[in-house]
J.: 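What follows is a single structure, and I will ask about it in a moment.
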Protein chains: 2
Amino acid sequence: MNQRQLVAGGKSSDGGGRPGKNGDGAERHETIYQSISDAIIEHRLKPGARLREDALAEVFGISRTGIRKILQRLAMEQLVTLTPRRGASVTRPTADEAKDVFDARQMVECGLMPEVARRITAEDAQSLRELAVREREALRAGEQSVAIKLSAAFHGRLARISGNATLAAFVERLCSRSSLILAVYGNAGHLGCESHDHDDLVGYLVSGNGERAQAFMSRHLKAIEASLSIHVEEDEAPDLFEIFSG
Amino acid sequence: MNQRQLVAGGKSSDGGGRPGKNGDGAERHETIYQSISDAIIEHRLKPGARLREDALAEVFGISRTGIRKILQRLAMEQLVTLTPRRGASVTRPTADEAKDVFDARQMVECGLMPEVARRITAEDAQSLRELAVREREALRAGEQSVAIKLSAAFHGRLARISGNATLAAFVERLCSRSSLILAVYGNAGHLGCESHDHDDLVGYLVSGNGERAQAFMSRHLKAIEASLSIHVEEDEAPDLFEIFSG
DNA sequence: ATGCCGCTCATTGTATACGCTTTCCGCTGC
DNA sequence: GCAGCGGAAAGCGTATACAATGAGCGGCAT
């Protein structure tokens, strides 16, 4: 019983502290999923970090069964990589994947802007501006982790406004992966620093100017992508012939 | 030992027929996943059909653990729905979901056409035409199940040519869901009957006319969507106030 | 001394056992 | 006769135990 536990450790409101019978099991899983997901997106778990099932099971106070379920979900979202007999590790995106993700964001997020401009309400705009403010505050406070997560949340919520749940979920996953890409290829202290892009974007949207918002989003994403330093590091499977025959 | 088994039941080449020790476990899982996925896409398992873990475990000769893993994967692709204490069933898409899926296909598949036109090779075209031919043959032979799967495969492979693995995977999932939507809202004997759309599309692509291919794809998808009979059946949670106050 | 082989440990993959929730059916009371 | 309640069964959720595999390491032979 002296094991360190998280998630339900703060509340511990399940009567007598019996660890096995906590209220709703599904919510528990969801919370743990969020914890791990956030840790990855906020770069507290860096790409390549191994995620051993035993360790996670002990930390969160559930059995490996539940952990495996969560890891598989994270794997489907490509936040972690499952190597057959080696277990799970935080995904290290390749340069190709990075390009694919940003191309996809260009297509989908830009394509969504007209519809978003048509549907956005005052509350939506307010909520978005709030996210943008908090993002800038976090950035100013030096909390890059929080800023990254807030930026992803901004883009995700934006997509939700379109009303298309399928595309919104896709965008959210692309944003999560983008966070990983930033962790590998991003230049520290250079990501969207202090830029008012998000505020400006909301401005164009509330004024109903979908075309302009679309163009602006395109430039915004291009700027982020351009700020990456894509050094094609071919760690795995280096071409030995190429290397030693030259 | 007298239980019916599938997948590996045909080969039974693992020495003496011991069911537990088949070659590679991962491949086995993949095969079972494909079996269930195909059955859903081909409408041999209809929307709403329950998928009991015990039954599937017995049929495929593995334990419930493996089945659960597969069901969760299918759930993430929204081919099956996992109801908390009720188990899995084939997803019955709502009208809203159907609209979202086709809107998403409009955006992504059409957006991909220019790049596909730029990259398509002779072998690609050949392979696509072959799929189109087989689809028409299946349709003529009355095997709608096969035709539906081939149509999804056509669109999926088309997307792959773009080179963007992320978007291609997304399109493939959208196509799988489209098969489900056809199962619920499609008019029998009316889906793409004998149309040469796919062949024509390949023609535009090999001639490098991305714009035209894009417009054609748009019309193609609109035609499919228009052929649906979206009867908004609100089975679950009927609004009693609405019904009895009117 | 060095290289190869085999051993042991660490870690994942799979199955099974148990508990809990839900549902269905039969019983009893009104 | 019908409605409500209780028990039994079926099926899912979770944990744990066991098996298999790969990696790291030390000993032995050359």
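Proteins come first, then strands; the chains are lettered A, B, ... in the order of their sequence lines, and each starts at number 1.
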J.: Could you state the CG-C1' distance from B:L71 to D:dG13, rounded to the nearest angstrom?
T.: 14 Å
J.: Quick one: list whatever passes salt bridge (Lys or Arg N to Asp or Glu O under 4.0 Å) with B:R134, sequence neighbours left out.
T.: none
J.: Can a side-chain donor-acceptor contact be found between A:D124 and A:T121 if the only test is distance below 3.5 angstrom?
T.: yes
J.: Please round to the nearest 0.5 Å and tell me the distance separating atom CD of A:E42 and atom CG of A:L150.
T.: 8.5 Å
J.: Can you tell me how far CD1 of B:I40 sits from CG of B:L51, rounded to the nearest 0.5 angstrom?
T.: 6.0 Å
J.: Could you go through nucleotides 12-14 of chain C and list every protein N or O atom that sits under 3.5 Å from one of its N or O atoms, giving the distance for each pair?
T.:
residue: C:dT12; atom: O3'; partner: A:P84; partner atom: O; Å: 3.4
residue: C:dG13; atom: OP1; partner: A:P84; partner atom: O; Å: 2.5
residue: C:dG13; atom: OP2; partner: A:R68; partner atom: NH1; Å: 2.8
residue: C:dG13; atom: OP2; partner: A:R68; partner atom: NH2; Å: 3.1
residue: C:dG13; atom: N7; partner: A:R64; partner atom: NH2; Å: 3.0
residue: C:dG13; atom: O6; partner: A:R64; partner atom: NH1; Å: 3.4

J.: Under the salt bridge (Lys or Arg N to Asp or Glu O under 4.0 Å) rule, collect the residues that match up with A:D38, sequence neighbours excluded.
T.: A:K149
